[in-house]
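Note that these values count all heavy atoms, side chains included, but never hydrogens, waters or copies made by symmetry.
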2 protein chains.
Amino acid sequence: MGKKRVTLTDIANELNIDVSTVSKALKKHPKISDVTIKKVSKVARRLNYRPNDIATALVKGRSNLIGVMVPHTDENFFASAIRGIEEVAKKKGYNITIFQSNDDTSDEKSNIETMYRARVDGIIASHAMETHEFGHYQDILDQDIPLVLFDRFNDAIDSDVVAIDDFKGAYKAVSHLIDQGCTRIAHIAGQLSVHIYKERYRGYKQALEDHGIPNEENLVVESDMSLEGGRKLTLTLLNNRKKPNAIFASNDYTALGAIQFLQESNIDIPEEVAVVGFSNEAFTSYVTPTISSIEQHSRKMGKIAAQHLLDQISGSTESSSAKRPSQKTILTPELIIRESSKKK
Amino acid sequence: MGKKRVTLTDIANELNIDVSTVSKALKKHPKISDVTIKKVSKVARRLNYRPNDIATALVKGRSNLIGVMVPHTDENFFASAIRGIEEVAKKKGYNITIFQSNDDTSDEKSNIETMYRARVDGIIASHAMETHEFGHYQDILDQDIPLVLFDRFNDAIDSDVVAIDDFKGAYKAVSHLIDQGCTRIAHIAGQLSVHIYKERYRGYKQALEDHGIPNEENLVVESDMSLEGGRKLTLTLLNNRKKPNAIFASNDYTALGAIQFLQESNIDIPEEVAVVGFSNEAFTSYVTPTISSIEQHSRKMGKIAAQHLLDQISGSTESSSAKRPSQKTILTPELIIRESSKKK
DNA sequence: TTGAAAGCGTTACCAA
DNA sequence: TTGGTAACGCTTTCAA
């Protein structure tokens, strides 16, 4: 049996005063005399009293808990977003509890259910890759539970959003390759049913068009975003009659796969084929050659998401009848140029 | 104002029956008639009722929450340990809430305070690097709150422990280098005041001794565990009159720094200097040359830690008067041989 | 099979 | 300045 914890009642009994007095004394309520405050805090310290936040949450109707759900906690991007969220939330006295969907819609639903039951004060989420129906997110909004979607979101849900401009990121990457003199630029895309990958593909096409380079269908391949996928698809691309002289990959793992395959084929990087990835994973600056990539500002994204959520929470506490319009923050991605695309 | 949530009372009023009946009906208590159960669940579904876990926690005295504290959530090792913890905990209906100490003892203390106030049912933690006084952990034990320390622990605290055998890991790494014919093996150590780094140093020395290789003081340097530190100290090591022909680094970042410096100095790896790191970070298999390292089984560590904690929790529920002795699980690390140390 | 009431640990309101 | 009491939403025990 867990040890019996010290309660306000214990302190009250010890001093022969009322619990309500103890409660007020501990929070230095102005109507309580200094002597009482002193007495109470002394006993509280002696008994090693710690408030029971669960009881407080029940009466206040607030848990001071923020639910955070991401596809995978151990992916660099999400881990650092979570870190950003935590920094901001903690400063305001909120704790966070973390859930992962494993990119599985039914896990996602059950996580939302759990958060709801735990009466979190708000939810920050990045939805599962395979989620295409967003009723469970709409339910959150319908319950007036503050919600912020980050990185992955969907226009069907009118919530706050923090994301980067994937279109612009891709546009920058491809324009840079064109600057370097590349003329036949291939694209290893992600599943085009997914918003962010579609946007990256759009940015790729737009950049080509704006620079008067024709868009060739067989220079675009769709991958599963794995390193192995990057290798295989690079082989496919090199089998083209007219080989590409650059590859823009939708993430860094496929970019790395491409680079490995090119190296094994004795193709010079970046002179014969230049490569740019996406996400700026830590390893891009460790490998040889270092890989040019797009920085997504994950930590900052997390911070902003938390900020939006806290705004909503404090907004909903006030009885402002007007409904606050949802906030959409789209960050500008940054191109980091490294060896894999910088020609002499 | 957040929307008013549906409660048991709402359902009871709707049906003109008592809350207690509703409560029992919803959990299909055997003494409640099937008709009532049907009626109740129908209304519950219609009103979209969700139990308030906070209220339940208050009356049951259990929060179903596990507190997890690590130095940094965005470090690969910890992120994947957390993932392991979550998998196991969730299966048993526990949620986890995550805290990071930022390797700062005062953050660590305040996190413990918060967890205590939140009435977590148990704590899994890896202590801050700079923590050398463990009273705040002892407090947890004194309150009979289940505690498991993982990876970083201290003998001053008699808690459950899950860790790897750092001594053995280092021993394996160094023995492997000797097998490869290396005779002058340097060691880039971590702060030797920290248990795990001290153990790795011990393993290093023991391996040398067991193979009849003299231990030379100036082949051992202490680093801050950063990539940059690895580079600088490799320079120091190469300045020795008799240069080393192998380096055993206490983590993968310093190993990578060493490799970069060796490459820039046109020293062949592994023929002239072989390198082994520690932790088996993902990037070790991406870089050139791939880096030999020691796998620490972080995910598994997390799973076992959670298992130990759940054992403690269920043990403390039973009124078994006998105090359960603390469980120490020491995993055996695994040597992963890659290009940086495998000679032809 | 159902109901009534007490209680979990706090807070908040009104009365003393 | 302090005390009493109801209330938060649920579970549990005992009575009906």
Side-chain angles (χ1 to χ4, degrees), chain A residues 1-41 43-44 47-65 116-121 143 317, chain B residues 1-41 43-44 47-65 116-121 143 317:
Chain A
M1 292 291 171
K3 205 168 260 181
K4 175 89 183 55
R5 311 285 172 82
V6 178
T7 70
L8 288 185
T9 314
D10 295 329
I11 299 178
N13 289 342
E14 184 107 353
L15 290 166
N16 274 313
I17 58 179
D18 193 87
V19 263
S20 64
T21 308
V22 177
S23 171
K24 289 170 208 154
L26 283 176
K27 33 186 62 74
K28 309 211 191 308
H29 189 110
K31 310 233 135 182
I32 300 292
S33 70
D34 280 0
V35 251
T36 313
I37 293 186
K38 287 248 168 51
K39 273 195 313 191
V40 169
S41 26
V43 177
L47 298 182
N48 200 21
Y49 169 77
R50 292 289 179 284
N52 182 331
D53 283 348
I54 293 181
T56 307
L58 185 60
V59 28
K60 293 232 180 163
R62 286 187 296 103
S63 60
N64 277 310
L65 249 191
Y116 184 83
R117 294 177 49 142
R119 296 298 188 267
V120 296
D121 290 340
Q143 298 287 341
T317 308
Chain B
M1 291 293 171
K3 204 166 261 180
K4 174 90 181 57
R5 312 287 172 82
V6 178
T7 70
L8 288 186
T9 313
D10 296 328
I11 300 178
N13 290 342
E14 183 106 354
L15 290 167
N16 276 311
I17 57 178
D18 193 85
V19 265
S20 65
T21 308
V22 176
S23 170
K24 288 170 206 154
L26 283 175
K27 34 185 61 72
K28 308 212 190 309
H29 190 109
K31 308 232 139 183
I32 299 293
S33 70
D34 279 359
V35 250
T36 312
I37 293 185
K38 286 248 166 54
K39 275 195 309 190
V40 169
S41 24
V43 176
L47 299 182
N48 201 20
Y49 170 78
R50 291 290 179 284
N52 183 330
D53 284 348
I54 293 181
T56 306
L58 184 59
V59 26
K60 293 230 182 163
R62 286 186 296 103
S63 60
N64 277 310
L65 249 192
Y116 184 83
R117 293 177 47 139
R119 298 297 191 266
V120 297
D121 290 340
Q143 296 288 343
T317 308

In this structure, how many angstroms lie between the [atom2] atom of [N] and the [atom1] atom of [X], rounded?
X	N	atom1	atom2	result
L47(B)	dG9(D)	CG	C1'	16 Å
R50(B)	dC10(D)	CZ	C1'	17 Å
I11(B)	dG9(D)	CD1	C1'	12 Å
H29(B)	dT11(D)	NE2	P	12 Å
L58(B)	dT12(D)	CG	C1'	14 Å
I54(A)	dT11(D)	CD1	P	14 Å
D18(A)	dT1(D)	CG	C1'	13 Å
L8(B)	dT11(D)	CG	P	6 Å

With nearest nucleotide decided by heavy atoms, which residue, P30(A) or S20(A), maps closer to the 5′ end of DNA chain D?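 The 5'-side residue here is P30(A).
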Could you check whether any side-chain heavy atom of L15(A) comes within less than 4.5 Å of a side-chain heavy atom of V43(A), counting everything from C-beta outward?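 When only atoms from C-beta onward are counted, V43(A) and L15(A) do touch, with a gap below 4.5 Å.
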Closest non-hydrogen atom pair between [X] and [Y], with its separation:
X	Y	result
D10(B)	R5(B)	OD2-O, 3.8 Å
S63(B)	A57(B)	CA-CB, 3.9 Å
L26(A)	S41(A)	CD2-CA, 4.5 Å
N48(A)	Q143(B)	ND2-NE2, 3.2 Å

How would you label the contact of [X] with the nucleic acid (heavy atoms, under 4.0 Å): base, sugar-phosphate, or nothing?
X	answer
S23(A)	base
I17(B)	sugar-phosphate
S33(B)	sugar-phosphate

Starting at [atom1] of [X], measure out to [atom2] of [Y] and round the result to the nearest 0.5 Å.
X	Y	atom1	atom2	value
H29(B)	S20(B)	NE2	OG	10.5 Å
K24(A)	I17(A)	NZ	CD1	10.5 Å
L65(A)	L65(B)	CG	CG	7.0 Å
T36(B)	K31(B)	OG1	NZ	14.5 Å

Pick the closest DNA chain C nucleotide for A55(B) and for V19(B) by heavy atoms, then say which residue is nearer the 5' end.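 On the 5' side of the pair lies V19(B).
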Assuming nearest nucleotide by heavy-atom distance, tell me which of V35(B) and V59(A) is located more 5' along DNA chain C.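 Its nearest nucleotide being more 5', the pick is V35(B).
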Phosphate OP1/OP2 of [N]: any [X] side-chain N/O under 4.0 Å:
X	N	result
T9(B)	dC10(D)	no
T21(A)	dG3(D)	yes
T56(B)	dC10(D)	no

Please determine which of I11(B), V6(B), N13(B) meets the side chain to side chain contact (heavy atoms under 4.5 Å, CB included) test together with T9(B).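 Among I11(B), V6(B), N13(B), the one meeting side chain to side chain contact (heavy atoms under 4.5 Å, CB included) with T9(B) is N13(B).
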Nearest to side-chain heavy atoms of K31(A), which nucleotide of dC10(D), dC8(D), dT2(D):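 Nucleotide nearest to K31(A)'s side chain: dT2(D).
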Just the endpoints, please: which first and last nucleotides of DNA chain C, 5' to 3', lie under 4.0 Å from a heavy atom of chain A?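 Contact boundaries, 5' end first: dG9(C) to dC13(C).
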Bend angle of the helix from dT1(C)-dA16(D) to dA16(C)-dT1(D), end axes from five pairs each (to 10°):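 Computed angle between terminal axes is 50°.
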